[in-house]
Amino acid sequence: MPTHPPSRLDTFVAPRPSRTLMRALVPVNRVLNLAGVPGLRDVPGLNAVPGISGLCNVVRLDYPSGDELRLRSAVNPLTAAFIAPNHPEFYTDWMLDKEVCARVAPLAACWATNVVVNGMGRAMQRFWLANNLIAQIPGAGGEGKAHSIRWAMAGHGVLLHPEGNVGWHGDLVAPVFPGAVEMAIEAARLLREDGSERGAFVAPVVWKLEFLGDVRRPLEREMAYVERRLGLPAAKPGADLAERVRHAYDVLLARDEAAFGEERGSGGGPLAPRQDRLIGRLCDRLGELMGEAAPEAGASVERALKLAERFVRRAEAGDGAAGEAKRLAKAMRRIRRFQPGFYPGPELTQEHVAESIKRLRCDYCEGSWRDSMDKLVPRPAGARIAHIRVPEPLDIGRALGSQEALPEAEVEALVAALRRRMQAALDRLNAELAGEGPRIGFANPFHGSGA
C-alpha cells in the first residue's frame, strides 16, 4: 500500500463560499459564457472573438415558468435538496447549471472534478472554493458527501451530475450514479432525527441545445480539422458530414483492434459487434492483470472498470500491472463512449453530428494547445437556444418514511426512477421540438445492422 501522503489533487478542502463573488459572477456568466455582448455579438467578424458571442454561444433560454416554479418547490430554504441535471456537454453544462442556480438557489454548492478544483494551482483552488465548488475525489468521497449533506440541510441546495462524465449524447440520459439519492436519504434521516418536518428532495433537470441556424459549413471545417489531426484516410467521394463521422469511428476502431491484437471484422463490418468483441478481450486482460482483485465471473463491464480503477489507486508506485490496467481501462472507456445505439432513428440532426465531432475531438485529439483548449472550453459551431425542463422531483423523505435506512433494492429503484424521469422529460422535449417542423439533418449511417 502507498505510504506517501495524498497530493493536493486528492485532498478534500471544504468550500468557503463568498456570497459577494457568487453574486458578481452571475452577470459575467450571462455575458462572457452564455449570450455574449449585446450589440457586438451580431457584428460580422467581431462575433468570432471568444467572449463577444459568448463562449457557449447560448443566446436564448427556453425555460418555462412552470418548470422554474417546480424546481423552486423542491429547492428552497425549507428543504434539503440535491439538483441533478443531465450532462451532455462539457463547460456549457456548468454555465447553464449556474444560471439555473442563480434563479433558484444562488448559494448552491456544485460538485466538480478534483482536476478543476484542486489541480489548477493554489490561487485557482481558492477561487473555486469561494465559488462553492466541491471537489469530487475518486475513491474518497466521504468528506465531500458529508459536507454536501450539511449544506443541503442548511437550505442552500447542492448540484451534482448524476451521469458522471460528459457523454456528448444530448438525447440520451446515461445510467446514473446513486450519490444524489444516497445523500438525500441521509439528509432525510437526519432531519427526521432532529424532529424537523422539512422535506428532502432530488430535483432532476434536463436541458437540450439547438442551433438557431444552418451550421453545416463550420461543422465541415471542424470535421476537416479532426480528420487532419488524426491522419484519417479520406472517406468515399461525396460523403456528407454524418458519413464522415461514421468513417472516422470505423478507422479509429480498426486502429484499436490492431493495437490490442483483435482481428478486424471482414470489410470493416458493423461497429457495435466489433466494439463488444474488443471490449470483451480487454476485460479478459484486465482480469488476468488484477489477479485476486479481478471482477467476478459474469460481471458487467462497468463493474470491471470500477474494480480496475480501485486496483490502480491502491497499487504501489511503479507497479507494471497497475500501469497496464490503467491503460486498458482508459481504452475501454474511450471505446465505450460512442455506441451506435445512441442514434436509433433513420436521421441525424446537425446537433447529433456536432456532438459526435466534439466527442471525437475530446477522445482522440490530444497533444496540442488547441486540442487542450477545446477540451476545456469546447466552442460551438453557431448560436444556440437552450431548452430547460424540470421533471417532478423525487420526494426522498416520503420514500424513507419512518425507516432508519432503505434496503438496497429500494435505493436502486429510486435511482432508476430518477433516470426514467429525466429521460421521459428529454423525450417529451424532443417530441415538442420535432412538432415545430423539419430540422436540418442527414441520413443516419449508424442506423440498422449494428451500424
Side-chain angles (χ1 to χ4, degrees), residues 66-88 93-94 96-98 100-101 103-105 107-112 132 134 136 141-142 144-165 173-193 196-207 388-401 403-429:
D67 288 82
E68 185 169 341
L69 286 172
R70 190 174 300 114
L71 188 59
R72 287 181 184 276
S73 72
V75 187
N76 58 67
L78 300 179
T79 67
F82 296 84
I83 307 170
N86 64 331
H87 203 198
D93 55 5
W94 188 35
L96 287 173
D97 294 342
K98 295 298 285 185
V100 168
C101 288
R103 299 178 180 211
V104 175
L107 283 179
C110 299
W111 280 59
N132 212 7
I134 297 172
Q136 189 273 324
K145 287 184 176 181
H147 176 84
S148 296
I149 292 166
R150 290 192 298 270
W151 195 253
M153 290 175 63
H156 300 303
V158 174
L159 183 147
L160 64 162
H161 294 113
E163 295 172 276
N165 292 327
V173 177
V176 303
F177 294 99
V181 169
E182 292 174 344
M183 286 187 278
I185 291 171
E186 178 62 10
R189 187 190 68 80
L190 291 172
L191 286 170
R192 189 190 62 206
E193 193 176 88
S196 173
E197 295 183 357
R198 294 164 58 203
F201 296 91
V202 175
V205 177
V206 297
W207 51 266
I388 303 173
R389 299 293 185 268
V390 179
E392 192 65 30
L394 291 176
D395 188 337
I396 301 299
R398 178 178 296 176
L400 180 64
Q403 303 174 83
E404 281 300 307
L406 289 179
E408 183 178 349
E410 292 188 31
V411 175
E412 291 175 353
L414 286 170
V415 173
L418 174 63
R419 185 188 183 193
R420 284 196 304 272
R421 291 187 188 190
M422 296 174 74
Q423 187 64 60
L426 198 52
D427 292 344
R428 287 193 298 272
L429 178 52

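The structure presented is a predicted model; accordingly, all values stated were derived computationally and were not measured.
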Legend entry - Side chain Arg198, main chain Leu191, donor-acceptor under 3.5 Å: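 No; judged by distance alone, with no hydrogens or angles, the pair does not exist.
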Inset, instruction - Mark yes or no for whether Asn132, through its side chain, and Leu107, through its backbone, hold a donor-acceptor pair below 3.5 Å. - result: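 The answer is yes, because a donor-acceptor pair under 3.5 Å joins these two groups.
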Inset, instruction - Could you pull out all residues at least two apart from His156 that satisfy ring pair (Phe, Tyr, Trp, His ring centres under 6.0 Å)? - result: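 Ring pair (Phe, Tyr, Trp, His ring centres under 6.0 Å) check on His156 returns Trp151.
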Legend entry - Side chain proximity check, Asp97 to Trp207, heavy atoms < 4.5 angstrom: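 Yes, side chains in contact.
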Inset, instruction - Answer yes or no: is there a side-chain heavy-atom contact under 4.5 Å between Ser196 and Met153? - result: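 They are not in side-chain contact.
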Between side-chain atoms of residues 406-417 and protein atoms elsewhere (two or more places apart, or another chain), which donor-acceptor pairs fall under 3.5 Å?
none

Inset, instruction - Sequence neighbours left out, what passes side chain to side chain donor-acceptor pair (under 3.5 Å) with Ser148? Give chain and number order. - result: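 Residues passing side chain to side chain donor-acceptor pair (under 3.5 Å) with Ser148: Trp111.
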Inset, instruction - Only counting residues at least two apart or in another chain, list the ones meeting side chain to side chain donor-acceptor pair (under 3.5 Å) with Asn165. - result: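 Listed in chain order: nothing, the list is empty.
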Legend entry - Atom pair CH2/CG of Trp94 and Leu159 - distance to nearest 0.5 Å: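 One finds 11.0 Å between CH2 of Trp94 and CG of Leu159.
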Legend entry - Closest heavy-atom pair and its distance - Gly179, Leu160: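 Where Gly179 meets Leu160 most closely, the heavy atoms are C-CD1, 4.5 Å.
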Inset, instruction - Would you indicate whether Arg398, at its atom CZ, is surrounded by more than 12 heavy atoms from other residues, nucleotides or ligands within a distance under 6.0 Å? - result: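 No, the 6.0 Å shell around CZ holds no more than 12 heavy atoms from other groups.
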Inset, instruction - Apply salt bridge (charged side-chain N to carboxylate O under 4.0 Å, His left out) to Glu182 and list each qualifying residue two or more places apart in sequence or on a separate chain. - result: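 For Glu182 the salt bridge (charged side-chain N to carboxylate O under 4.0 Å, His left out) partners, ignoring immediate neighbours, are Lys145.
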Legend entry - Where at least one partner belongs to residues 69-81, residue pairs that pass side-chain hydrogen bond (donor to acceptor under 3.5 Å, both in side chains), sequence neighbours excluded: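 Sorted result for residues 69-81: Asp67-Arg70, Glu68-Arg72.
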